[in-house]
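Here the structure comes first, spelled out in structure tokens, and everything after it is commentary.
Small disclaimer: the values here were computed from a predicted structure and weren't measured. Numbers restart at 1 for each chain; the letters A, B, ... are given by sequence-line order, proteins then strands.
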Amino acid sequence: MDVLTAFEILVKSMLFASAPLIFTALGGVFSERSGVVNIGLEGLMVIGAFAAVVFNITFASALGGATPWVALLIAMIIGGLFSLLHAVASVSFRADQVVSGVAINFLALGLGVYLIKDWYGAGQTPKIPVPFYYERIPLLYDIPIIGPILFNNYLTSYLAIFVAIIAWFVLFKTPFGLRLRSVGEHPMAADTMGINVFKMRYIAVVLSGVFGGLGGGVYAQTITQDFSAGTITGQGFIALAAVIFGKWHPLGAMGAALFFGLAQSLAIIGSSFPLLADVPNWILLSAPYILTILALAGFIGRADAPKANGQPYIKGSR
Amino acid sequence: ACGSDEEADTGSDEGSTGGGEGTEETSDFKVAMVTDTGGVDDKSFNQSAWEGLQQFGADNGLEEGTDGYTYFQSNNDADYVTNMNTAVRNDFDLVFGIGFLLNQAITDVASQNPDTNFALVDDVSEGDNVASITFKEHEGSFLVGVAAGMATESDQIGFVGGVESDLINKFAAGFQAGVEAVNPDADVQIEFAGDFNDAAGGQQIAASMYGSGIDVIYHAAGGTGNGVFTEAKNLKQQDPDRQVWVIGVDRDQWEEGQVGDDNVTLTSMVKRVDVAVQDISTRAMEGDFPGGEVIEYGIQEEGIAIAESQDNLSQEILDEIANYKQQIVDGEIEVPSTLE
Amino acid sequence: MFNQFSRWQKILIPVISVILGLIVGAIVMLVSGYNPIEGYTALLSGSLGEGFYIGETVRQITPYIFAGLAVAFAFRTGLFNIGVEGQLLVGWVASVWVGLAFDLPKVIHLPMAILAGAVAGALWAFIPGLLKAKLRVHEVIVTIMMNYIALHLCNYLVRYVISDEQNTTDRVPESASLKSPFFETLTEFSTMHYGIFLALAAAIIYFVVLEKTTTGFELRSVGFNQHASEYAGMNVNRNIILSMVISGAFAGLGGAMEGLGTFGYGFIHGAFSGVGFDGIAVALLGGNVASGIILAAALFGILKQGALIMPLQSGVPTELVEIVIAIIIFFVASSYIIAYLLQRLRKGAK
Amino acid sequence: MDYVIEMLDIRKEFPGIVANDNITLQLKKGEIHALLGENGAGKSTLMNVLFGLYQPEKGEIKVRGEKVKITSPNVANDLGIGMVHQHFMLVDTFTVTENIVLGMEPKKGINIDLKRAEREVQEISDRYGLKVDPKARIADISVGMQQRVEILKTLYRGAEILIFDEPTAVLTPQEIKELIQIFRTLIAEGKSIILITHKLKEIIEVCDRVTVIRKGVGIDTLDVEGTTPTQLASLMVGREVTFKTDKTDSNPKHSVLEITKLNVKDSRGVNAVKDLDLSVRAGEIVGIAGVDGNGQSELIEAITGLRKVTSGKIELNGKDLSSYKTRKITEAGVGHIPQDRHKHGLVLDFPIGDNMVLQTYYHKPYSKYSLLNNKEINKQAKKLIQEFDVRTPSEQTPARALSGGNQQKAIIGREVDRDPDLLIAAQPTRGLDVGAIEFIHKRLIEQRDNGKAVLLVSFELEEIINVSDRIAVIYDGNIIEIVDPKTTTEQELGLLMAGSKNKAGETENV
Ligand SMILES: Nc1ncnc2c1ncn2[C@@H]1O[C@H](COP(=O)(O)OP(=O)(O)OP(=O)(O)O)[C@@H](O)[C@H]1O
Ligand SMILES: Nc1ncnc2c1ncn2[C@@H]1O[C@H](COP(=O)(O)OP(=O)(O)OP(=O)(O)O)[C@@H](O)[C@H]1O
Ligand SMILES: [Mg+2]
Ligand SMILES: [Mg+2]
């Protein structure tokens, strides 16, 4: 394989493998920036994948080419609704947020597979009729060299990057973002400034559901193209790692997710280089994880979570 | 069905007790299967086994459930023993264990329950009341290798395995030999994803393979193989003139390859677990349970075949496959079952 | 996490949560057209109905106790160990390895193999502990990553190091086995093994170490307030590492139970077993205290084991149990609202 | 009468306690009204009611004569009520401007118009002479500056009535002076102020009237003119309070702590303690006076082993401690009452009993063969609770549930009971009421009289002068002068602390 092709594949598979992680990690950023720990990202992805696949299968004949996009919308809505559980528990009921997140993970998988079995009589759905396909971006694709490398991918991959930038803007440039972050740092201060802490946290958690659902919907409609218990197996946890790796910053989380996708495709492409042929297989397979740890230990180092992350806000206490 | 042994009725007296002569009507023979963690609808050998059992039930007027035929789903490796025992405790006469992962469990439970018959799919277990069912996947893989070797234009061919194991190596070895037989110039690149459920990894490997000029990929990787199909379909969708093929595994994966009006599934290596399950069940019911034996289902036994969907295979390829098939059946070709 | 609640609340809340979880489960069954009574009857008979099932349930409880202790130990000292899954796996493989590599009398061999599991788990957890202590790298990420590395490494070891390119290793010899012919006979050939005693002993050790020793005092202190602990002369970094190491040792022991007891061999894993992740739920449901963890593990064991027979006897998909567990965890998490309602009820009664 | 605020018969209950029992407080326009009471008397609660954080069970509130219901801080803001809280309500990671405009952000399109916000903040700051940098991050500015940000927050929202809850507890004398100046400016601009403070002298200096509450009950409201601190104190405590701490002359013996040429870096790696020499002898209290940030914290952290010593010696009874870890230093005979009791002094989630043995749990009799002996621990805790008058339901109560004063008493009990040769007390009375302060001073002096060395660090000049036997003035990481408290004045000390050694210059503004 020549260098250019290798590079093209590297970038291409980095982009499509990262996109679901980026979306989901953005959800995590919103939630945790508001002070609600969200280890339920995995479950939110599951429910998003479930919703998107079921919708796609059910409505493909009616909606045709628009199906996967509408399915994404549905995945976002269902993800948002589902995350309300986490919001109610951790914001209103002062639940331990980790516990509630664990419950989300259990519930999503249990419910998803239970319903699939109930509806399709099998632990696995059929293939979705209308998945996403790679697209060549007009004009940009024609740029020599970098065109084919960068601009032949799922539209959702570009959407992920675009949304990350939007998220950064919202979080750091708008009043909404300022308020959301203040709630995660010092909810009582925010309260005394007339900001409705509960409302902000609800919004943030629901946003995490929307994004997690989107991530799951994208994963299912670009990569697996069906839904079963094995569709989402740990991607949510990787996204959580990306949130922390990216220091709770939308662009950081995006970078972390891209890094992860890159490490993964490096590991895969690496094995086709003779140089690495003698490296034991398990090391190549573990490379993405090892690289992530090294990156953290080597040059990312400590990261400070939002100060009030994980603490329920109880009005009138200190 | 299969032209092997006739003796061996060790401890299979209750195999056909009440049924007596009237094989046509309802017998009280009961048969169950225990899946591995893939589950009964894994679109792979568990499912195929279940289809075989259902067919057997229908043919013999059995009822689904504790009084006829059923399956036990394992969610975890630790569930095998429980499920095996539950089947025994529910007085099933014959219990299948589907997949090599169940080997140890079936060996233990069989020795503890000498009055029940067991059958293990995909691996060999010792014990007088256990029949071991294995498949000559290498033979089928050889045939699809022939197809791949002839279909390739780039002389570059890929193989994607799930987790490296003896079983998966059998697929790879036969495949490689098949390619070699028809196209000595072709190169087969073998990759393992390290996971049977990593569709993204499968897609990345496929992207890398197709990107480097490979035009046919044979996968034996379960859910990871989903990603291989995804990548192939994407390439096809974008460039219908481009040659990208996937070879499916275990059952006819034609449906998986459909993209618009095109289909990227070249062919599939079909492993007829259903045939084996029906065969063994029938023998057990008739008091001819092959306990303690290893029964290998190959091309000759109709346990291994090329998929029925053959629209993407040229007549030339089909002829060549038929030719090699005959040679294998005739024993003229000994297909290797291990790499190197 | 129930610190702010009174004694009776601490007991009542989990109980009420379990009841509510079962009620929700019943509603789900009703809505999807199953008979909840049949469903739960099946569940009970499949977990406690016969000697055999009791044996299997106990066997299932064993690793849950270890996984729960592992997660809880880290929790109590302010750390979140999501890496139990991986630590369990390396403990499993290490114990089997030692079991196969030596030929020794049982009194030496078995303890050595068990210890190997603990040491391997401890070492695997040492890495995130060290990185946290020295470089302030978040343990959540590192433990997640270490899970995957463990999976690939262990598969490699099983195939190329411990076995001769096989999918499973040989069985460990009797001298390194936890298998119990006595229990097997007693429970009609269940795979129940001696591990349950080790699990209960581990729970006692957990309690003693954490609540009764100076080491536990330090660990808890550091868990609550690193700064004050440092001011009081404790070595915070040492305690972080120690906590992870002990947590990992519990997990590794859980793996040894599988390697030497339940299975008696190692094999290639296509995916995680899930026991480590379930351990998070066990720990939280058990309120991170030893007795609670045992009870929570028992509940989990019963539900998971009973679930296997539900489809056969009542048609209900096994996933129902996941839903029930999720709901229980939810209610436990929301203990504040239950406590609040209890208080209202009490007042109303007066 | 033109009262801007009238709180009439306010009653506020918490589970098991009546925090405010029919308290009435009336604020005249343009006055500075002090609210005085012991720790836990209910001052903060009353003000939180006024600011809408709590809803009273009973009573009514009138603002400018109109009956109102203040259901949230938003309502309070709209009514022109602003509050500077006892514990600052600032987001550390935000800039000054972001903190101020939070919740009322000026917008340009959908963006925050930061430019405009900064300009507005600058304007208000200039108008009231607050001198804050709108672009600075909260984490990077001094406590005094943070407080001005709090003030700016209320002014930005157009507050006419400002509530200050213990604003001076955390300030240096210099900063207090400036704050009082700010109060005067505010009044001149037509604002009214409610001021909670434990510092009676301040009340007399700036306030017009004072309302005293005791255990949730309103005692009296009186004009400040003509009252004395002693009078106010006894009104508040309900008994006679002596101010001048009784103590005999010191009788110092051999040197216990001997610091020579000590250099220490701060967290940013800058030299914070520079070639510092200091000695403390047995039987004396040495007070370190200085403006916050002149190396006091680093000095203490170096002595206690919490911070690495770059160079120099720290000798305790002739033994060099400079390379020891904290535990060894503690065992060598150093006691430490840390400045931040919540963060450094206590494990708030531990029972008070366990907190009492935080450094000694591994010793007999609290443990044996590494096993804790809870009976002994609790016995010890009970003893200290008794001896040091720690008000707590039991030794099993989490430390978190105790009031600040009682937490502090617990820490002091713990440290004093170990009978260290050197006791370091950093801001031991911060935020405490006069009764508690008196108690703590007595204990420090007792320790001295028992022949121990005491090192007292405080920003309160009055405390330093009253309690110390010698005063070391620290400036820019160095002891620039040792003075005798009997012959010095606050005025002189203030000048020294500003770094003007021997030359009386204008050191007014920083
Ligand atoms: N959130 C709360 N929940 C329960 N009780 C409270 C709460 N806040 C205050 N209290 C109780 O109300 C009483 C008054 O407390 P408050 O904080 O108003 O005292 P304070 O006068 O401000 O004391 P200090 O001078 O120490 O600031 C205390 O005795 C305390 O027990
Ligand atoms: N959320 C709460 N729940 C119960 N009691 C509380 C709460 N908040 C405060 N208190 C009680 O309020 C009382 C006084 O608290 P407060 O913090 O005002 O004291 P303090 O001396 O001012 O402390 P600090 O110096 O930390 O401000 C204490 O008795 C404490 O128990
Ligand atoms: Mg107060
Ligand atoms: Mg106070």
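- Most heavy-atom pairs under 4.5 Å with chain C, from the set A:A89, A:S100, A:A108: that is A:S100.
- Using a 4.5 Å cut-off between heavy atoms, A:T292 touches chain C through its side chain atoms alone.
- Going from atom CG of A:D96 over to atom OG of C:S335 covers 8.5 Å, rounded to the nearest 0.5 Å.
- Residue C:F80 touches chain A through its side chain alone, counting heavy-atom pairs closer than 4.5 Å.
- Neither the backbone nor the side chain of A:S90 has a heavy atom closer than 4.5 Å to any heavy atom of chain C.
- A 4.5 Å side-chain heavy-atom check between A:P312 and C:Y336 finds every atom pair outside the cut-off.
- The CD1 atom of C:I144 sits 12.5 Å away from the CZ atom of A:F245 when rounded to the nearest 0.5 Å.
- Looking at A:L85, the atoms closer than 4.5 Å to chain C (heavy atoms on both sides) sit in the backbone and in the side chain alike.
- Only the side chain of C:F75 comes within contact range of chain A, with heavy atoms under 4.5 Å apart.
- Using a 4.5 Å heavy-atom threshold, the side chains of C:L131 and A:L296 count as separate.
- For an aromatic pair to be called close, the ring centres must be under 6.0 Å apart, and C:F277 with A:F237 satisfies this.
- Options C:C154, C:G33, C:P128, C:P317 differ in how many heavy-atom pairs under 4.5 Å they form with chain A, and the most are formed by C:P317.
- With a 4.5 angstrom heavy-atom cutoff, C:V142 touches chain A via backbone and side-chain atoms both.
- Ring geometry, A:W282 versus C:Y156: the interplanar angle falls from 30° to 60°, so the pair is classed tilted.
- In this structure, CG in A:L109 is found 7.5 Å from CD in C:E319, a value given to the nearest 0.5 Å.
- With sequence neighbours excluded, no residue satisfies side chain to side chain donor-acceptor pair (under 3.5 Å) with A:S83.
- Here the straight-line distance linking atom CD1 of C:I329 with atom CZ of A:F106 works out to 5.0 Å at 0.5 Å rounding.
- Using a 4.5 Å heavy-atom threshold, the side chains of C:M145 and A:I290 count as separate.
- Annotation: the span from C:L320 atom CG to A:K117 atom NZ amounts to 11.0 Å, rounded to 0.5 Å.
- Heavy atoms closer than 4.5 Å to chain A are found in the side chain of C:V316, but not in its backbone.
- By the ring-ring contact (aromatic ring centres under 6.0 Å, His included) test, C:W92 pairs with C:F263, C:F267, C:H269, sequence neighbours left out.
- For A:I283, no part lies under 4.5 angstrom from a heavy atom of chain C.
- Chosen from C:I337, C:V140, C:I338, the residue pairing most often with chain A at heavy-atom distances under 4.5 Å is C:I337.
- A heavy-atom distance below 4.5 Å is found between the side chains of A:D118 and C:Y34.
- Minimum heavy-atom separation, C:S334 to A:A95: N-CB, 4.0 Å.
- Residue contact with chain A, scored on non-hydrogen atoms closer than 4.5 Å, involves the backbone and the side chain of C:D278 alike.
- Expressed to the nearest 0.5 Å, how far CG of A:L285 lies from CG of C:L153 amounts to 11.0 Å.
- A pairwise comparison of heavy atoms in C:H138 and A:W248 identifies CD2-CH2, 4.1 Å as the closest pair.
- Scanning both residues, A:S286 and C:I149, for their nearest heavy atoms gives OG-CA, 3.7 Å.
- At a 4.5 Å heavy-atom cutoff, the contact between C:I82 and chain A is made by side-chain atoms alone.
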